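The structure appears right after this line, and notes come after that.
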Amino acid sequence: NAPFTPGYVARTINGGAIGPVAVRGDELFVAGSFLKDLSNPKDGSGDPLGRWDGQRWVEWSFRTSTNYRSIGIRDICAVSNAVYVGGEFRFQPAFPRESLSDKADLTNLPYSVNIAKWEGTNWTVMGDGIIGLGANPTSGSINAVVSAIGVGPGGEVYAGGDFVMQTPSGLARDIAVWNGAEWAPMGSGLSTGEVNAILVDDAGRVYIGGRFTNVSGVAAANIAVAQKDPATGAWAWSSLGRGVSNGVNYIVYALEFYKGQ
């Protein structure tokens with residue numbers, strides 16, 4: 001019978017639970033199902049993201065819109081100057097915080113689909129986001145999901161998942177790169193399947209894991225690596241392994257480096 005106190009309380013919403021987490025110094029970023037700031041029910045009730053600043057939970061103001069209520073956060077990627085969130089959602093970088101409880105679209109603000117960027121103070125969009133062919137985000141149809149995000153040494157952002165998206169330079173299939181201004185494909189992408197994990201090394205090589213047998217015309221079993229030619233801008237994909245052992249036998253869900261490997 002004790003009264004509630006302000007803060008974050010994890011709970012399940014429509015079968016949801018705690019999702020991906022990311023760490024940056026003393027900060028913790030977590031996705032899931034939350035009831036935010038119990039002293040003020042209008043302050044982000046059901047907000048799918050939480051942020052711990054090292055001492056307490058603080059407001060993060062992640063705003064989704066009415067026309068796409070099925071919110072799923074698949075990945076959080078935290079780097080020194082930004083945090084990226086990917087999944088299945090329609091997002092607007094809205095302030096002030098009371099606007100979070102009103103899910104009607106704010107016509108004076110842009111929206112982004114399936115991916116968003118937090119710059120340390122404000123949320124921003126990344127173009128229109130990751131939108132599948134034939135989608136109509138204004139009516140709730142997205143036809144895409146982002147399951148993995150990686151950031152390169154030059155600040156380029158890689159998004160992988162399950163999608164076929166039109167970009168200014170061609171179709172991006174399940175993997176795309178953001179150069180700060182627009183999305184672009186990385187070769188012809190996956191023939192079938194999906195990307196579940198992305199890892200970028202200091203040399204700019206992009207490793208992907210997931211469920212696939214071929215990427216950009218190269219046979220690769222569930223794991224592959226790409227290198228960009230600095231002269232031509234073309235992406236060269238390679239498998240990890242040779243012959244019939246050109247990858248791993250099962251679906252890849254996560255990648256990490258260990259002692260530079």
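When reading the values below, keep in mind they use all heavy atoms of this one structure, side chains included, and skip hydrogens, waters and symmetry mates. For clarity, every value in this text was computed on a predicted model and none was experimentally measured.
Looking at Val225 and Ser238, their side chains come closer than 4.5 Å, going by heavy atoms from C-beta outward. Within the 4.5 Å cutoff, no side-chain heavy atoms of Val30 are placed close to those of Trp52. Side-chain contact between Ile198 and Asp75 is absent, with no heavy-atom pair separated by less than 4.5 Å. Looking only at side-chain heavy atoms (C-beta outward), Glu88 and Asn114 come within less than 4.5 Å of each other. Looking at Pro20 and Ile73, their side chains come closer than 4.5 Å, going by heavy atoms from C-beta outward. Put simply, the side chain of Val215 does not reach to within 4.5 Å of the side chain of Val195, judged on heavy atoms. Looking at Asp201 and Tyr207, their side chains come closer than 4.5 Å, going by heavy atoms from C-beta outward.
Not counting sequence neighbours, Asp128 has no partner by the salt bridge (Lys or Arg N to Asp or Glu O under 4.0 Å) test.
In this structure a side-chain-to-backbone donor-acceptor pair under 3.5 Å is present from Arg24 to Val79. Looking at Asp229, its side chain never comes within 3.5 Å of a backbone N or O of Ala234 through a donor-acceptor pair. Listed for the Thr213 side chain is no donor-acceptor partner under 3.5 Å among the backbone atoms of Ala221. For the pair Asn196 (side chain) and Ile251 (backbone), a donor-acceptor distance under 3.5 Å is absent.
Under the 4.5 angstrom side-chain criterion for Ile, Leu, Val, Met, Phe, Trp and Tyr, the cluster partners of Leu171 are Leu133, Val164.
Taking CG of Leu49 as the reference point, atom CZ of Phe89 lies at 8.0 Å (rounded to 0.5 Å). To the nearest 0.5 Å, atoms CG (Asn214) and OG (Ser191) are separated by 4.5 Å. Here the CG-CD1 distance, from Leu199 to Ile208, works out to 12.0 Å after rounding to the nearest 0.5 Å. Rounding to the nearest 0.5 Å places CG of Asn222 at 9.5 Å from OH of Tyr253.
The nearest pair of heavy atoms linking Gly160 to Phe163 is C-CE2, 3.9 Å. The shortest non-hydrogen separation linking Val151 to Val200 is O-CB, 3.7 Å. Taking all atoms of both residues into account, the shortest heavy-atom contact from Ala78 to Val23 is CB-O, 4.2 Å. When all heavy atoms of Ala203 and Gln227 are compared, the pair lying nearest together is O-NE2, 3.8 Å. Minimum interatomic distance between Ser169 and Ala184 (heavy atoms only, all atoms of both residues): OG-CB, 3.6 Å. Contact record, Phe212 with Thr192: CB-O, 3.6 Å, taken as the closest heavy-atom pair.
Among residues at least two apart or in separate chains, there is no side-chain hydrogen bond (donor to acceptor under 3.5 Å, both in side chains) pair with a member in residues 150-162.
In terms of hydrophobic clustering, with Ile, Leu, Val, Met, Phe, Trp and Tyr side chains grouped at heavy-atom distances under 4.5 Å, Val113 and Trp183 are assigned to different clusters. When the side chains of ILVMFWY residues are joined at heavy-atom separations under 4.5 Å, either directly or via intervening members, Ile142 and Met126 end up in two distinct hydrophobic clusters. Under the 4.5 Å side-chain heavy-atom criterion for Ile, Leu, Val, Met, Phe, Trp and Tyr, Val146 and Met186 are members of distinct hydrophobic clusters. Ile130 and Phe91 end up in different hydrophobic clusters when Ile, Leu, Val, Met, Phe, Trp and Tyr side chains are linked at under 4.5 Å. Residues Val157 and Val206 are members of separate hydrophobic clusters, defined by side-chain heavy-atom contacts under 4.5 angstrom among Ile, Leu, Val, Met, Phe, Trp and Tyr.
Under the 30°/60° scheme for interplanar angles, the aromatic rings of Trp123 and Trp118 are found to be tilted.
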